[in-house]
Number of protein chains: 4
Amino acid sequence: MSARAPRRQRGHARVEVLLAAAAQVFADKGYDAATTTEIAAAAQSSIGSLYQFFPTKEAVAQALIQQQSADLTQRLAAMAEAGAGWDVEELARRLVGALIDFRASHPSFARLIDTPGAPAAVVLDVRRGMRLQLMDILAPHAPSLGKARLMAVATAVQQVMKSAVALNDDPAADSPTAARAALAELREMLRIYLQTALS
Amino acid sequence: MSARAPRRQRGHARVEVLLAAAAQVFADKGYDAATTTEIAAAAQSSIGSLYQFFPTKEAVAQALIQQQSADLTQRLAAMAEAGAGWDVEELARRLVGALIDFRASHPSFARLIDTPGAPAAVVLDVRRGMRLQLMDILAPHAPSLGKARLMAVATAVQQVMKSAVALNDDPAADSPTAARAALAELREMLRIYLQTALS
Amino acid sequence: MSARAPRRQRGHARVEVLLAAAAQVFADKGYDAATTTEIAAAAQSSIGSLYQFFPTKEAVAQALIQQQSADLTQRLAAMAEAGAGWDVEELARRLVGALIDFRASHPSFARLIDTPGAPAAVVLDVRRGMRLQLMDILAPHAPSLGKARLMAVATAVQQVMKSAVALNDDPAADSPTAARAALAELREMLRIYLQTALS
Amino acid sequence: MSARAPRRQRGHARVEVLLAAAAQVFADKGYDAATTTEIAAAAQSSIGSLYQFFPTKEAVAQALIQQQSADLTQRLAAMAEAGAGWDVEELARRLVGALIDFRASHPSFARLIDTPGAPAAVVLDVRRGMRLQLMDILAPHAPSLGKARLMAVATAVQQVMKSAVALNDDPAADSPTAARAALAELREMLRIYLQTALS
DNA sequence: GATGAATGAGCTTTCATTCAT
DNA sequence: TATGAATGAAAGCTCATTCAT
């Protein structure tokens with residue numbers, strides 16, 4: 001964060017291990033409850049080593065978010081490429097599934113993105129970037145939509161995707177069956193909506 | 001773990017003040033970053049007084065959530081009563097607005113409900129309770145729907161309502177105009193969806 | 001402790017209940033860990049009531065010690081009266097048993113007497129008083145002993161009696177059988193010793 | 001619960017200083033009244049340093065007990081080696097003196113061992129260990145004694161040794177002269193007893 | 001660069017005691 | 001007199017961060 005602080009050096013093996021450990025610990029405990037010492041220990045490193053590469057705890061979270069969001073960007077880019085050919089139903093299904101899949105393989109992402117206490121600036125970037133990519137995915141299906149309207153639609157879609165994630169591991173669900181039914185409902189909602197909005 | 005009941009008038013008053021102060025502080029900083037000392041100070045109480053009525057910091061948050069969720073329950077109950085006569089468009093508008101309004105007047109509620117580190121059990125109760133009330137609101141509009149399906153619909157609606165709140169004070173929005181547009185989009189999505197689902 | 005403080009009023013029913021509760025709590029937790037609030041609660045009283053009769057926590061312990069040591073005094077007095085007729089073996093047996101019996105029925109006494117943090121002055125009085133009574137018990141068996149020597153013997157006997165108590169509920173004992181054997185050994189030691197010392 | 005092992009020289013030194021400071025403070029105030037802050041200050045360390053090596057206050061006491069009891073073990077071992085040649089009188093004298101000497105140079109030991117609130121498990125180990133060593137010391141003097149009997153004798157001897165310590169700094173003694181006389185009496189009791197028991 | 005010791009502000013919680021009702 | 005609310009110093013302990021080796 002500060003200028004004289006050591007930059008995290010991409011490519012340094014230790015950095016990768018530290019980030020992996022951080023992902024683990026953040027996923028388990030959330031940003032606030034995670035401690036830098038524990039992260040270092042999980043990376044079989046020392047606390048001193050961690051601070052050699054990251055100036056603050058917040059910087060660790062930021063780097064992690066950035067690393068993971070790069071993966072998300074890639075996935076969405078792939079969707080943008082392949083998605084032009086899908087019909088609306090498939091589009092809805094894929095969109096709902098995309099974030100669920102992603103967060104399943106990056107469990108720390110959700111906690112870091114939503115948690116108060118987490119670094120704000122990066123989070124906003126990620127959200128905005130995702131929104132832009134959603135616009136890219138949706139655009140081919142509604143060539144006539146103005147840019148402002150398209151962004152509004154993308155924003156709404158983004159919310160549905162987040163809802164899908166929330167539903168997917170909602171501990172308030174009465175049963176797995178009920179959770180699945182709710183998820184299907186959400187998919188249906190998105191499909192109907194897109195059918196109208198993109199026409 | 002729950003609040004010790006005050007047995008004197010002075011005690012009741014103090015509890016109210018403490019909860020109000022807690023609402024303030026939790027809203028500002030979130031559960032983890034809020035300190036019991038600050039809450040007591042904001043209530044112009046001593047820290048000892050706080051712990052006279054609440055055994056732990058968590059109990060303070062629980063009591064606050066319970067107090068506020070009682071208000072939410074009331075609002076939703078009112079909607080259930082009045083809502084039978086609304087057409088689908090009004091229903092959608094009201095639902096989207098309901099949670100926005102509520103959280104505007106209870107800013108701490110959102111942070112406490114979503115935050116990791118916050119008391120889990122009460123949160124689940126609140127979510128489940130809200131879902132049940134949504135079922136009550138929706139039922140008159142779709143008498144033929146089975147109970148399981150109705151619950152799935154209610155769950156989806158609940159997510160849209162939460163999305164609306166998120167959108168309403170989304171710091172990632174490019175402009176207030178864009179935020180409003182996205183909100184309108186969400187409302188439209190809900191309307192279209194309900195039209196189909198409740199028919 | 002302070003002059004203006006309310007004296008504990010003998011005969012007031014509340015005082016008796018409070019002392020009984022204090023005995024219970026002190027026995028369970030020891031002097032330091034016991035809290036005045038818990039004592040009051042155990043007496044089904046309020047903390048205010050407790051401080052109406054006892055100026056400090058220490059005063060409660062003092063009163064309790066005094067009350068119980070009066071009972072001890074009585075028992076030893078009884079022994080002094082009956083003991084002149086006993087032979088040395090019976091004397092040894094009774095002495096060893098006396099403190100064990102007493103502490104069994106006053107479990108808080110031991111913790112209060114030995115615990116650092118407990119009121120010192122009263123404790124010394126109790127010890128000295130007990131020593132004097134032991135001299136009374138022993139004197140008839142050794143009419144020729146000088147007073148100084150008698151006191152030394154009494155002091156040694158007192159230590160053996162305390163040892164007996166310690167042994168009786170020694171958690172370091174390997175088995176109840178071993179504990180009993182050690183106790184018997186102690187009794188034997190006292191017998192042999194008294195045989196010589198009192199002749 | 002036990003001490004975290006330091007991995008650097010500086011750490012080892014710090015642990016030593018901390019334990020010495022803890023010995024001082026525990027000796028002065030006892031376990032409960034001693035505070036970790038004061039211990040750290042007495043060691044001219046920060047409170048953080050203390051908790052770097054000891055997870056809890058109890059662990060500090062445990063480590064201290066273990067360190068000191070190692071010394072006690074050594075002394076008793078020396079007695080076991082040299083003691084075979086002593087006559088019973090010398091044996092009694094040495095036994096009575098051993099614990100007095102030891103506790104004189106380790107003043108915190110007594111308070112930690114007897115105090116309720118102190119760590120229990122270690123204390124039991126120490127007591128049992130001492131008992132075993134006493135058996136080693138006594139055995140050569142009574143080759144014909146069965147093991148069970150020997151243990152009972154050792155236990156009784158152990159109690160006398162503790163009594164000697166108690167007497168040695170008994171604030172209830174009327175005078176130093178009286179205290180010395182009582183101590184002599186105790187020594188005599190042990191001598192007579194051992195003469196009989198070990199024959 | 002790697003390590004782990006050092007730091008200390010600050011956290012939650014306790015509890016003897018006082019005071020208003 | 002009885003009650004329980006009020007107080008606040010002080011306790012044990014944590015943790016992000018810095019520094020010496």
Side-chain angles (χ1 to χ4, degrees), chain A residues 2 5-6 9 12 14 32-41 45-60, chain B residues 4-15 32-40 44-58 60, chain C residues 1-2 5-6 9 12 14 32-41 45-60, chain D residues 4-15 32-40 44-60:
Chain A
S2 72
Q9 307 176 7
H12 201 302
R14 180 65 53 100
D32 280 306
T35 74
T36 50
T37 304
E38 188 181 0
I39 292 174
S45 246
S46 67
I47 181 63
S49 267
L50 188 153
Y51 278 90
Q52 205 101 43
F53 297 107
F54 303 97
T56 62
K57 177 184 177 183
E58 193 181 339
V60 176
Chain B
R4 211 167 295 143
R7 313 216 162 171
R8 285 257 220 278
Q9 239 189 15
R10 200 162 33 130
H12 274 104
R14 182 61 54 108
V15 166
D32 280 306
T35 73
T36 50
T37 305
E38 190 180 359
I39 292 174
Q44 287 177 301
S45 287
S46 68
I47 183 63
S49 273
L50 188 154
Y51 279 93
Q52 186 103 48
F53 298 108
F54 303 98
T56 61
K57 178 185 176 182
E58 193 181 341
V60 176
Chain C
M1 208 105 231
S2 72
Q9 307 178 4
H12 201 301
R14 179 67 53 101
D32 279 306
T35 73
T36 51
T37 304
E38 188 180 1
I39 292 173
S45 248
S46 67
I47 181 63
S49 267
L50 187 152
Y51 277 90
Q52 206 99 43
F53 297 105
F54 304 97
T56 62
K57 178 184 178 183
E58 194 180 341
V60 177
Chain D
R4 212 168 294 143
R7 312 216 161 171
R8 285 257 219 278
Q9 240 189 14
R10 201 163 30 131
H12 274 105
R14 181 62 53 111
V15 167
D32 280 307
T35 74
T36 51
T37 305
E38 190 181 359
I39 292 174
Q44 288 176 299
S45 289
S46 67
I47 183 63
S49 274
L50 188 154
Y51 279 96
Q52 187 104 46
F53 298 108
F54 303 98
T56 61
K57 178 185 177 182
E58 192 180 342
V60 176

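Source: prediction; values computed, not measured. Each chain gets a letter, A, B and so on, in the order the sequences are listed, and its residues count up from 1.
- Between the CZ atom of B/R4 and the P atom of E/dT13 there is a distance of 12 Å, rounded to whole Å.
- Between the C1' atom of E/dT13 and the NZ atom of B/K57 lies a distance of 12 Å, rounded to the nearest Å.
- In this entry the distance linking CD of D/E58 with C1' of F/dC13 reads 14 Å, nearest Å.
- Residue contacts for A/A34: at a heavy-atom cut-off of 4.0 Å it reaches the sugar-phosphate backbone alone, with no base atom in range.
- Residues D/P6 and D/R14 have side chains not in contact (no heavy-atom distance under 4.5 Å, counting atoms from C-beta outward).
- Going from atom CG of C/D32 over to atom P of E/dT14 covers 17 Å, rounded to whole Å.
- Among the nucleotides F/dT14, E/dT12, F/dA16, the one closest to any side-chain atom of A/Y51 is F/dA16.
- In this structure, the side chain of D/R4 engages the main chain of D/Q52 through a donor-acceptor pair within 3.5 Å.
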Quiz prompt | Protein proximity profile, nucleotides 2-7 of chain F - base contact B, sugar-phosphate-only contact S, no contact -, cut-off 4.0 Å on heavy atoms | solution = BBBBBB
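- The line from OG of D/S45 to CZ of D/F53 is 8.5 Å long, rounded to the nearest 0.5 Å.
- Across every non-hydrogen atom of C/L50 and C/A40, the tightest pair is CD1-N, 4.0 Å.
- Residues passing the side-chain contact (heavy atoms from CB on, under 4.5 Å) test with D/S46, sequence neighbours excluded: D/S49.
- Counting only heavy atoms from C-beta outward, the side chains of A/V60 and A/T36 never approach each other to under 4.5 Å.
- The two residues D/V15 and D/F54 have their closest heavy-atom pair at CG1-CZ, 4.0 Å.
- In this structure, C/I39 places its CD1 atom 12 Å from C1' of E/dC15, rounding to the nearest Å.
- Taking a pair as Watson-Crick or G-U wobble with both distances under 3.5 Å, DNA chain E forms stems of 3 or more consecutive pairs at E:2-21 with F:2-21.
- Heavy atoms of A/T36 sit under 4.0 angstrom from at least one base atom.
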